[in-house]
Amino acid sequence: MAKYYITTPIYYVNDVPHIGHAYTTIAADVAARFKRLAGDDVLFLTGTDEHGINIARVAERHGVSPQAWTDRIAAEFQRLWKFLNISNDDFIRTTEGRHQRVAQAVFQRLYEQGDVYLGSYEGWYCPSCESFYPDSELGPGRTCPVHTGRTVEWTAEESYLFRLSKYQRWLLDHIETHPSSVAPEGPRNEVLALVRSGLRDIAVSRTTFSWGVPVPFDRRHVIYVWIDALTNYITAAGYLDDPEKFARYWPADVHLMGKEIVRFHAVIWPAILHAAGIAVPRQTFAHGWLTFGGQRFSKSLGIVIDPAGLSREIAAESGAEVAVAVDALRYFLLREIPFGSDGDFSKPALIQRFNADLANDYGNLLNRSLPLVERHFQGRIPAPGPEEGGDAALRETAASAAEGVAPLIDRLDFRGALEEVWRILNAGNKYFDAEAPWRAAQAGRMDRAGTVLYNTLEAARIATILLSPWLPTATARAWEQLGIAAPLGSQRLADARWGGLAAGTRVRPGRPIFPRIEARRPAAGGAATRTSDAGVSEAGGPGMNQITIDEFKKIDLRVAEVLEAKPVAGADKLLELRVRIGGETRTLVAGIAQQYAPAQLVGRKIIVVANLQPRRVRGVESQGMLLAASHDDRIALLGVDGDVPSGAPVS
RNA sequence: GGCGGCGUAGCUCAGUUGGUCAGAGCACGCGGUUCAUACCCGCGGAGUCGGGGGUUCGAAGCCCUCCGCCGCCA
């Protein structure tokens, strides 16, 4: 039996999960489910990355211990995965003992063989943050990205370093001789360019914070993210703990992730493994970014989609059960966007797919055929007679499509795989119409009517098996309607072979699985899709300039506290403000420099539009807008009456 | 600035090595049909294949150049 080990990244628990995390995890889940369907022995891993100074800080801000904080957020991730029907076999947390032991063992081993050595890490350091920042993150004039205006200092810190440079040659050779080791092409080229440009040794320990795994032989240090986080993949595969398991599952077949972290996985990780004498993963696959109306998702910009809320909205608008709406989201993400490319997410597009693909093509095939079985064959699937008409063509389409799916999944071409399955559904609908079993029944040709119904339902059955990785709930419902005794979960790819449907099966037609979502009004983003771009209201109209309460509610107004203010270079009317909105900090650019001096503003509570589309003004990205009254050329900032914490909503 | 990815019908995208390659689905229009969640089937319009040069008997695909979007690096 072939094995298949697939991972998502372990997600950093500095914040609650969002649709970006869900996208990666859903993709991995579909691949894992498909491989199980194909009969492989699958290990599907996800988890959370829980160490580091940022976790310590966010925990402190919330007045809880780091452990309490990570417990809470890790639970949120697990809850979401359950809601999204994710079938992970394991969920690893870097704070678990099993993982700490592996991280320490790898560190120790690399140290003992000289691949990790004591040196120093140098970089731009912000004393307020107690953190180093790369050049690229520094503000203008070498200032801290968190503490605006605070200049960073070039500082050296004692640190253990990993001899990444030593493995440059080997790594380049490895990637070049293993074309699919990094995919798709864009990320692969970037990694190659990076490796060719030369690799420097990297710091793998820190002394500036303690929330981490201690370096076993030097308690002043904790193991930094490279070795701490990446080793989770071998921990969960049983490294050290369960040699038999490790031998079975390692190396990983696919490390799936967003393209922003591919370099760590494709450069540092294989080097560490190779140095430690452990086989390297077969493939690091980077998918693209999700955008909303062309904008990158970003918590700080207020462009956030909560997958659970969205699923509930779809369920409410359609009448489908929530788990089926979850299926629709799973389907949409992998059907609409070619995996590996960036793609745009929008609720109207999701509704479009829901109606056109799931309701019309898939759901309706059952809804038009099962009642005829009920009506003319006492609810029992008739036995097929001799092939005629389009029978053979349908059978062949189903067979070739069923065979075509697996190789596409191997390439993580989910979109192509779904198109294959849709060949069956389209052929089934067309066949049903052409062969018109209701007419045959009317004419008394019951054998023919029965044959057509059998063939149609057989196509539906095969499609249902093939779709089960994407639509675990909906296909289970379809399976129930088909009345097949063996549970869907017991089915294998081999069962998706023509002729597997048993005549005499008692069908159980039910309510439509995917009730169409009728476009009463253009569906604007609801609570789950907080975005600047959701508005679809028509200009004008009978209400003139009136807006509905719902339209008003789209504007996310918040109380914000001004942390810092300074003039924008080259503009005499603009000020750049750093404001705190609840737990986050943002930059705003406001045209109030002629009315307010920077010093007047610091500490004030103002009102801001928190979900406005960000915009660059004079080279500075403004992530919102403050509210002010204006009269002639006087401008007066809006504030709050009394002491209200920043982040409080305004309505 | 260097490197890389992308730019094909209103939308989402296919288009191996240049020769029915100008396509699919959705959306749209027309017609038919009616088993079904007013759905299905058929037909149809539309694109100077980002612009401009070039190579070739022939280019969406190769070369040069320019434009735009994105990413990585500096």
Side-chain angles (χ1 to χ4, degrees), chain A residues 134-136 182-200 258-264 266-267 286-291 293-296 318-320 324 332-346 348-377 390 408 413-416 418-423 425-443 449 452-453 456-457 460 474 481 509-519:
Chain A
D135 274 336
S136 56
V182 188
E185 197 184 344
R188 177 181 157 81
N189 287 337
E190 276 174 17
V191 168
L192 277 171
L194 178 71
V195 177
R196 288 195 183 110
S197 73
L199 299 176
R200 277 185 301 188
K259 62 187 180 185
E260 69 280 7
I261 53 172
V262 72
R263 50 180 33 210
F264 310 127
V267 177
H287 67 244
W289 287 327
L290 246 32
T291 58
Q295 296 256 337
R296 262 202 81 178
S318 129
V324 168
F332 174 82
L333 289 171
L334 296 174
R335 172 62 186 82
E336 182 81 0
I337 303 162
F339 205 60
S341 307
D342 292 352
D344 203 50
F345 179 90
S346 79
L350 168 55
I351 291 173
Q352 173 76 38
R353 289 284 176 194
F354 185 95
N355 284 342
D357 298 354
L358 299 175
N360 292 356
D361 294 343
Y362 181 40
N364 196 230
L365 186 60
L366 293 171
N367 285 17
R368 62 194 312 207
S369 53
L370 290 173
L372 293 186
V373 174
E374 209 58 337
R375 203 170 306 154
H376 299 294
F377 296 92
L408 290 163
D413 182 357
F414 298 107
R415 181 193 169 100
L418 286 167
E419 283 175 346
E420 279 297 299
V421 181
W422 251 258
R423 286 175 53 212
L425 295 173
N426 293 146
N429 276 308
K430 188 170 177 175
Y431 168 82
F432 194 78
D433 195 71
E435 303 299 334
W438 61 93
R439 213 174 284 142
Q442 221 165 19
V452 173
L453 284 170
T456 302
L457 291 172
Q481 295 199 1
R511 300 268 62 213
I513 298 165
F514 302 103
R516 288 174 59 82
I517 300 170
E518 302 305 340

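No experiment lies behind these values; they were computed from the predicted model shown. Below, read A as the first sequence line, B as the second, and so on, with proteins coming before strands; counting in each chain starts at 1.
Taking 4.5 Å as the limit, some side-chain heavy atom of V452(A) sits within range of a side-chain heavy atom of Y431(A). Counting only heavy atoms from C-beta outward, the side chains of V182(A) and E190(A) never approach each other to under 4.5 Å. In this structure the side chain of N429(A) reaches within 4.5 angstrom of the side chain of R368(A), judged on heavy atoms.
Aromatic ring pairs are classed by plane angle as parallel below 30°, tilted from 30° to 60° and perpendicular above 60°; the pair H287(A) and F339(A) is tilted. Below 30°, between 30° and 60°, or above 60°: for W438(A) and F432(A) the angle between ring planes is between 30° and 60°, a tilted geometry. Using the six-membered ring where Trp is involved, F332(A) and F345(A) have ring planes that are perpendicular, over 60° apart on the 30 and 60° scheme.
Distance, R375(A) CZ to C35(B) P: 8 Å, rounded to whole Å. Taking atom OH of Y362(A) as the reference point, atom C1' of U37(B) lies 15 Å away to the nearest angstrom. Atoms CH2 (W438(A)) and P (C40(B)) sit 12 Å apart, rounded to a whole Å. Atom CG in L457(A) sits about 15 Å away from atom P in A36(B), given to the nearest Å. Taking atom CZ of R368(A) as the reference point, atom C1' of A36(B) lies 6 Å away to the nearest angstrom. In this structure, the CG atom of N355(A) is 13 Å from the P atom of C26(B), given to the nearest Å. At whole-Å resolution of the value, OH in Y431(A) and C1' in G42(B) are 19 Å apart. Across the protein-nucleic acid pair, Q352(A) atom CD and C28(B) atom C1' stand 12 Å apart, rounded to whole Å.
For E190(A), taking side-chain heavy atoms from C-beta onward, the closest of the listed nucleotides C41(B), C72(B), U37(B) is C72(B). Taking every side-chain heavy atom of N429(A) into account, C41(B) is the closest of A36(B), C39(B), C41(B). Among the nucleotides C39(B), C26(B), G71(B), the one closest to any side-chain atom of W289(A) is G71(B).
Comparing the P positions of G25(B) and G32(B) gives a spacing of 22 Å, expressed to the nearest Å. Taking the P atoms as reference points, C35(B) lies 15 Å from C40(B), given to the whole Å. Comparing the P positions of G31(B) and U12(B) gives an interatomic distance of 30 Å, to the nearest angstrom. Nucleotides A22(B) and C49(B) are separated by 7 Å at their C1' atoms, to the nearest Å. Comparing G47(B) with U56(B), their C1' atoms are spaced 25 Å from each other, to the whole Å. Rounded to whole Å, the separation between the P atoms of C6(B) and U16(B) comes to 12 Å. A distance of about 10 Å separates the P atoms of C13(B) and G7(B), rounded to the whole Å. Comparing A9(B) with A74(B), their P atoms are spaced 36 Å from each other, to the whole Å.
The two residues P437(A) and A449(A) make their nearest non-hydrogen contact at O-CB, 3.5 Å. The minimum heavy-atom distance linking P509(A) with E374(A) is given by the pair CD-OE2, 3.9 Å.
Residue D361(A) is in sugar-phosphate contact alone, with no base atom involved, counting any heavy-atom pair closer than 4.0 Å across all strands shown. Across all strands shown, N360(A) has heavy atoms under 4.0 Å from sugar-phosphate atoms exclusively, and none from any base. Within the nucleic acid shown, A193(A) has no heavy atom closer than 4.0 Å to any nucleic acid atom.
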With B for base contact, S for sugar-phosphate-only contact and - for none (protein heavy atoms under 4.0 Å), nucleotides 5-17 of chain B reads S------BS----
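E336(A) has no carboxylate O lying under 4.0 Å from a charged side-chain N of R415(A), or vice versa, which leaves the two without a salt bridge. Ion pair R423(A)/E420(A) flagged as a salt bridge, since at least one NZ, NE, NH1 or NH2 atom sits closer than 4.0 Å to an Asp/Glu carboxylate oxygen.
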Encoded 5' to 3' (Watson-Crick or G-U under 3.5 Å; [ ] crossing; | other strand), RNA chain B becomes (((((((..((((.....[...)))).(((((.......))))).....(((((..]....)))))))))))).
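Looking only at distances, no side-chain donor or acceptor of S318(A) sits under 3.5 Å from a matching main-chain atom of R516(A).
Put simply, K259(A) has no side-chain N or O that comes within less than 4.0 Å of OP1 or OP2 on C72(B).
The base of C35(B) lies close enough to the side chain of D433(A) for a donor and an acceptor atom to sit less than 3.5 Å apart.
With RNA chain B read from its 5' end, the first of the two nearest nucleotides for R263(A) and S369(A) is the one closest to S369(A). Taking the nucleotide of RNA chain B with the nearest heavy atom to each of P512(A) and L194(A), the more 5' of the two is matched to P512(A).
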